[in-house]
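Input: a single structure, listed below in structure tokens.
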Amino acid sequence: MIAIPSPLRLRLDSAALVANWRWLATQSGGAACGAAVKANGYGLGAREVMGHLAAAGCRDFFVATWAEAAALMPLPEGVSLSVLHGVGEADMVAARLLPARPVLGSLEQVARWRAAGEGRPCDVMVDTGMSRLGLRVEEATGGALAGLAIDTLLSHLASADEESDQNARQLAAFREVRQAITARRYSLANSAGICLGAEYGFDLTRPGLALYGGTPRGEAAGHIRQVVFPETRLLQVRTVHVGETVGYGATWTAPRDSRIAVANLGYADGFLRCHAGAASATWQGHALPLVGRVSMDLTAFDASEAGAIAEGDWLSIDYDLLVVSAATGLSQYELLTGLGNRFERRWG
Ligand SMILES: *Cc1c(COP(=O)(O)O)cnc(C)c1O
């Protein structure tokens with residue numbers, strides 16, 4: 001095999017990831033702090049995220065599907081893994097084989113798990129206001145769970161990143177569920193829920209976004225560090241004369257003779273058209289505004305002020321998640337999970 005250098009890379013800061021987890025653990029009050037690593041660790045690489053966080057003391061991880069669980073085997077020593085989508089009929093083989101717990105989310109799933117006669121502990125999701133996954137409260141408290149070995153009883157907050165009365169209502173509903181149903185542990189809060197206060201922590205919290213550098217609420221601002229730094233190599237630096245245009249649709253016209261840096265990055269990499277007009281890159285301290293439309297594999301930046309910039313140089317894409325989210329209208333979640341497979345992921 002020849003080693004083919006990638007023209008795109010994500011620089012991933014493991015110290016920032018661990019620092020974010022530690023801050024979230026502190027904010028979780030007495031609760032243990034887990035980690036949501038679904039969608040390949042929000043695009044960073046679930047295995048590497050799990051390795052770094054397990055080494056720091058994190059013991060509880062959450063994926064969405066059994067395929068994501070299988071990709072994380074073998075688990076680090078002492079680590080527990082839960083599969084948020086529970087068990088469909090087609091998942092039962094994987095659920096029997098893998099050392100992970102389903103988060104049962106409907107009466108059908110509870111019946112399926114019982115019928116399998118596993119007897120192993122499972123997790124259960126109870127819906128307190130999201131109306132997405134989870135047993136209704138009256139289903140959960142009506143005897144359907146009797147005799148199940150429940151490790152963790154979960155619910156999920158719908159509006160934790162907003163000032164909403166729904167948070168207090170869900171907290172109250174979850175407290176009632178907790179009185180009614182016996183489980184080893186109870187878990188309610190995601191990243192934003194942790195910021196709502198220690199009473200949302202119960203026994204275990206489940207942050208995702210904030211681990212990876214997202215700011216779920218104002219309380220986290222100044223505490224959460226950026227983890228993901230996209231970088232792209234320049235294919236060429238070209239002269240564009242005043243009045244000439246750049247890219248599809250000729251949406252940018254050079255207001256003066258310009259130097260245009262063409263980068264190896266496009267919407268196929270998750271760098272979408274809505275970044276145009278909003279995004280910039282940095283080269284040796286110089287800011288390079290994006291010009292024209294984003295293409296599938298190429299993006300142009302105005303490098304007129306960037307001195308000796310040349311083909312082969314690396315540009316840092318400005319990727320403060322709050323700033324880019326406000327500028328593009330994409331959520332911080334989309335900005336992370338959209339980053340494509342052509343990025344080489346480099347942990348430092
Ligand atoms: C994704 C997810 C989380 C993590 O949410 P963040 O907002 O990223 O912190 C926690 N719990 C459940 C059930 C989830 O689906």
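Counting convention: from 1, in listed order, for ligands and their atoms alike.
In the hydrophobic cluster analysis, where Ile, Leu, Val, Met, Phe, Trp and Tyr join through side-chain heavy atoms closer than 4.5 angstrom, Val324 is grouped together with Leu339. In the hydrophobic cluster analysis, where Ile, Leu, Val, Met, Phe, Trp and Tyr join through side-chain heavy atoms closer than 4.5 angstrom, Leu235 is grouped apart from Leu315.
Taking every heavy atom of Leu84 and a limit of under 4.0 angstrom, the matching atoms of ligand 1 come to 13 (C), 14 (C), 15 (O). Here is the list of ligand 1 atoms found below 4.0 Å of a heavy atom in Met125: 13 (C). Per-residue contacts place Ala36 under 4.0 angstrom from the following atoms of ligand 1 (heavy atoms of the residue considered): 4 (C). Taking every non-hydrogen atom of Arg132 and a distance limit under 4.0 Å, the qualifying atoms of ligand 1 come out as 15 (O). Near Pro207, the atoms of ligand 1 lying under 4.0 angstrom from a non-hydrogen atom of the residue are 9 (O).
The parts of Ser191 lying near ligand 1 are both backbone and side chain, judged by heavy-atom distances below 4.0 Å. Within the 4.0 Å heavy-atom criterion, neither part of Leu154 lies near ligand 1. Looking at His156 against ligand 1, only its side chain comes within 4.0 Å, counting heavy atoms. Of all the heavy atoms of Gln332, none lies under 4.0 Å from any atom of ligand 1, so neither backbone nor side chain is involved. Under 4.0 angstrom from ligand 1, the non-hydrogen atoms of Tyr42 all belong to its side chain.
Atom CD of Glu199 has more than 12 heavy atoms from other residues, nucleotides or ligands within 6.0 Å.
Side-chain contact, Ser159 with Asn167: no donor N or O sits under 3.5 Å from an acceptor N or O.
Note on ring orientation: taking the six-membered ring where Trp is involved, the planes of Trp23 and His223 are parallel (angle under 30°, cut-offs 30° and 60°). Note on ring orientation: taking the six-membered ring where Trp is involved, the planes of Phe174 and Phe202 are perpendicular (angle over 60°, cut-offs 30° and 60°).
The nearest protein atom to atom 10 (C) of ligand 1, hydrogens excluded, is given as Arg206 O, 3.3 Å; this is a heavy-atom distance. Protein heavy atom closest to atom 7 (O) of ligand 1, with residue, atom name and distance, is Tyr333 OH, 2.5 Å. Among all non-hydrogen protein atoms, the one lying nearest atom 1 (C) of ligand 1 is Lys38 NZ, 1.4 Å. Scanning the protein for heavy atoms near atom 5 (O) of ligand 1, the closest one is Asn190 CB, 3.4 Å.
In terms of polar-atom proximity, defined here as any N/O pair under 3.5 Å, Leu209 does make such a contact with ligand 1. Remark: ligand 1 and Ala210 share no N or O pair separated by less than 3.5 Å (distance only, no angle test).
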Show the numbers, then the answer: is there a side chain to side chain contact (heavy atoms under 4.5 Å, CB included) between Asp123 and Leu153? CA-CA 6 Å; Asp123 294 345; Leu153 188 88; over 6 Å; no

Go through the steps for Tyr186 and Thr152 under the test side chain to side chain contact (heavy atoms under 4.5 Å, CB included), then give the verdict. CA-CA 5 Å; Tyr186 299 85; Thr152 307; over 6 Å; no

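The closest donor-acceptor contact from the side chain of Trp21 to the backbone of Cys33 lies under 3.5 Å.
Here the options are His156, Arg169, Gln170, Arg136, the test is side-chain hydrogen bond (donor to acceptor under 3.5 Å, both in side chains), and the partner is Thr128; only Gln170 passes.
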